[in-house]
Amino acid sequence: MALVDQNKRSIDYLRVSITDRCNLSCLYCKPRSGMSTLPHCEILQYEEILRIISVAVPLGIAHVRITGGEPLIRRGVLGFIRSLGTVPGIEDISLTTNGVLLESKARDLREAGIRRLNVSLDSLKPERFAQITGKDNWREVWRGIERAQQAGFEPLKINMVPVKGVNDDEILSFARLTLERALHVRFIEFMPIGADDRWRRDTCVSAAQVQEVIEREFGPLIPFSTKRSAGPSANHQIPGARGVIGFISPISKHFCAACRRLRLTADGKIRPCLLSDTEIDMKAPLRAGCSDAEIERLLRLALQIKPERHHLTDADSGPGACFERTMSRIGG
Ligand code: SAM
């Protein structure tokens, strides 16, 4: 029986975090106290991840996105992707990266089987990039983006989180990238995850506010859709542009009714909802030698506890709604 949850949502997409470590430390992704990382033995081995995926795919998981932390810093990632490609029934393997190591890995990633690539980039200004991420790597990321386009990743998606007073003055510069390049630039609303008190309703720039800024400059955007448009991004184009502009609005207009995801954290927890701390441990049963039937039971249990919707926008939630894990710990 396919993976259908309590609310009749068919689950076909698994986001897999392969590491909680990252080579950047972005303002909105890490707590002020700094980030501790898990010891290696707490992180699922590739074989363990593959085992879970081999059980999940026949149940209906067709799409797997590899994330982190920063997935490209984990040793053996290319071999892991190749092995993933041999799981019968898997249709699509994608990856999300900060792009720092992309220049040297773009071709290999494509050869290993990645077809869809997202790069997170929050500033087009090298100095500001360094302020946001704590590292002076903007040029590497930009060369990585160019190399990925040359390697045939099309569309390449750039994810940007606008934060008021930090980088919201760059919305138009990001939108302009789509005029000449076949890039998808996606504006993601800042969420109260792992950001301590940096998240406030008024530091989160809503999708509607971003769209207004863009339309003031370029006129009304044209809705854009493809066969693959079932994801959370509401896509548009500036008239005549080569690329696409997407809005992902977990805060202002949640898309929970259409959510088709589960997450697997680097330390082996199935997390049914990004914005709820309820998780199911897979690592202990796996390491105790559980059967495939037990893995399937736990996956189905995750569906039973998948919330109907998140509650971030409820009146009583606010900065206090910050979660136990940072995005790098969950697998953003
Ligand atoms: N290192 C990879 C990368 O940079 O894409 C994958 C992990 S990173 C945590 C995934 C995404 O989460 C990035 O696009 C980042 O901008 C986003 N992110 C992190 N914290 C966030 C927050 N509080 N609100 C919204 N997006 C956030």
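Counting starts at 1 for both ligands and their atoms, in listed order.
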message: Can you tell me which portion of Thr96 lies within the under-4.0 Å heavy-atom range of ligand 1? Options are side chain, backbone, both, or neither.
response: both
- request: Look at ligand 1 and say whether Ser17 reaches it with a heavy atom at a distance under 4.0 Å.
  value: no
- prompt: Are the charged groups of Glu296 and Arg300 less than 4.0 angstrom apart, N to O?
  reply: yes
- request: Answer with yes or no whether the side chains of Ser10 and Asp12 bring together a donor and an acceptor at under 3.5 Å.
  value: no
query: Which residue from Gly69, Gly68, Cys29 reaches closest to atom 1 (N) of ligand 1 through any of its heavy atoms?
result: Gly69
message: Check Arg65 with Asp92, please: is the shortest side-chain N to carboxylate O separation under 4.0 Å?
response: no
message: Please report whether ligand 1 has a polar contact with Asp122, defined as an N or O pair separated by less than 3.5 Å (distance criterion only).
response: no
- line: residues 69-83 vs salt bridge (Lys or Arg N to Asp or Glu O under 4.0 Å), sequence neighbours excluded, gives none
- prompt: Hey, is ligand 1 close enough to Thr67 that some N/O pair sits below 3.5 Å?
  reply: no
task: Give the contacting part of Leu24 toward ligand 1: side chain, backbone, both or neither, where contact means a heavy-atom distance below 4.0 Å.
output: neither
- request: Identify whether the distance between the nearest side-chain nitrogen and carboxylate oxygen of Glu48 and Arg287 falls below 4.0 Å.
  value: yes
message: What I want to find out is whether Arg9 reaches Asp5 closely enough, with some N-O distance under 4.0 Å, to be called a salt bridge.
response: yes
field: Atom indices of ligand 1, in the order listed, that fall short of 4.0 Å to a heavy atom of Ser120
entry: 3 (C), 4 (O), 5 (O), 13 (C), 14 (O)
query: For ligand 1, is there an atom lying under 4.0 Å from some heavy atom of Glu189?
result: yes
- prompt: What atoms of ligand 1 come closer than 4.0 angstrom to any heavy atom of Thr97?
  reply: 2 (C), 3 (C), 4 (O), 5 (O)
query: Can an N or O of Pro71 be found at a distance shorter than 3.5 Å from an N or O of ligand 1?
result: no
message: For ligand 1, which is the ligand I care about here, please tell me if Phe190 has any N or O atom under 3.5 Å from one of the ligand's N or O atoms.
response: no
- request: Kindly compute the distance separating CG (Leu286) from CD1 (Ile49), expressed to the nearest 0.5 Å.
  value: 10.0 Å
task: For residues 173-183, pull every pair meeting side chain to side chain donor-acceptor pair (under 3.5 Å), keeping only residues two or more places apart or in separate chains.
output: Glu146-Arg181, Gln149-Arg181
- prompt: Heavy atom under 4.0 Å from ligand 1: found in Val161's side chain, backbone, both, or neither?
  reply: side chain
